[in-house]
Amino acid sequence: DGSPGFAIPTGTMSRSRMPGIWACHYGRFSEMSCGLIESAERLITVEGGTRLRSVIVRAGSTLESCSGDSGGPWFAGTTALGIHSGDTGNGQRCLSLSGLPTNQREAHFTAIDETLNAFGAWIMTR
């Protein structure tokens, strides 16, 4: 069916350990895309004025994010990092269409530990 094969996560990583690592996400429309985690503590304002503490990923032309990717996984190898929530795409369908210089393109996600705690959920690991 064309879907990528994913590994079962071997663990999760807390927000405090994320800055400086290379991370990837899989989105429904952008498919696989990777970037460098720049910050794990930025407040992002979303529709309705809600402020979310987000992990920020940046890596120039290697990073993509499209409308419809929200809810997809962020990971580093087999370590679960978070859930995709958006980008700096200026309302364009995909980050690459935003008109922003590649060094200003960012995607953001919610850290997995906070997501799991908020829902009282857990991830099955090997």
Report summary line: Sequence neighbours excluded, the answer for side chain to side chain donor-acceptor pair (under 3.5 Å) partners of Arg93 is none
**Report entry** Qualifying residues under side-chain contact (heavy atoms from CB on, under 4.5 Å), relative to Leu36, sequence neighbours excluded
**Finding:** Trp22
Query raised in the report: Does Ser67 have any side chain to side chain donor-acceptor pair (under 3.5 Å) partners at least two apart in sequence or in another chain, and if so, which?
Result: none
Requested in this report: Would you check if Ser54 and Glu41 make a side-chain contact, meaning some heavy-atom pair closer than 4.5 Å?
Outcome: no
Report task. Determine whether Leu63 and Val55 fall in the same hydrophobic cluster, where Ile, Leu, Val, Met, Phe, Trp and Tyr are linked whenever their side-chain heavy atoms lie under 4.5 Å apart. Result -> yes
**Report entry** Spacing of Leu116 atom CG and Ile123 atom CD1 [to the nearest 0.5 Å]
**Finding:** 4.5 Å
Query raised in the report: Which pairs with one or both residues in residues 11-44 pass disulfide (SG to SG under 2.5 Å), sequence neighbours excluded?
Result: Cys24-Cys34
Query - Verdict with supporting geometry, Ile37 and Phe109, side chain to side chain contact (heavy atoms under 4.5 Å, CB included) - result: CA-CA 10 Å; Ile37 296 180; Phe109 67 90; 4.0 Å; yes
Requested in this report: For Ala118, enumerate each residue passing the side-chain contact (heavy atoms from CB on, under 4.5 Å) test, keeping only those at least two apart in sequence or located in another chain.
Outcome: none
N/O donor to acceptor pairs below 3.5 angstrom from side-chain atoms of residues 95-104, sequence neighbours left out:
{"from": "Ser96", "atom 1": "OG", "to": "Glu64", "atom 2": "OE2", "distance (Å)": "2.5"}
{"from": "Ser98", "atom 1": "OG", "to": "Leu95", "atom 2": "O", "distance (Å)": "2.8"}
{"from": "Ser98", "atom 1": "OG", "to": "Leu100", "atom 2": "N", "distance (Å)": "3.2"}

Query raised in the report: Can you get from Phe75 to Ile21 by hopping between Ile, Leu, Val, Met, Phe, Trp and Tyr side chains that sit under 4.5 Å apart?
Result: no
Report summary line: Applied to residues 108-120, the salt bridge (Lys or Arg N to Asp or Glu O under 4.0 Å) test, sequence neighbours excluded, yields Arg15-Glu114, Arg53-Glu114
**Report entry** side-chain hydrogen bond (donor to acceptor under 3.5 Å, both in side chains) contacts touching residues 71-85 (sequence neighbours left out)
**Finding:** Thr10-Thr78, Ser65-His84, Trp74-His84, Ser85-His108
Report summary line: Residues at least two apart in sequence or cross-chain that pass side-chain contact (heavy atoms from CB on, under 4.5 Å) with Arg17, listed by chain then number, are Met13, Ser14
**Report entry** Any residue meeting salt bridge (charged side-chain N to carboxylate O under 4.0 Å, His left out) with Arg58, in chain and number order, not counting sequence neighbours
**Finding:** Glu38, Glu106
Report task. May I have all residue pairs that pass disulfide (SG to SG under 2.5 Å) and include part of residues 48-120, sequence neighbours excluded? Result -> Cys66-Cys94
Report task. Decide yes or no on side chain to side chain contact (heavy atoms under 4.5 Å, CB included) for Leu81 and Met18, but give the supporting numbers first. Result -> CA-CA 8 Å; Leu81 300 178; Met18 293 181 192; 4.1 Å; yes
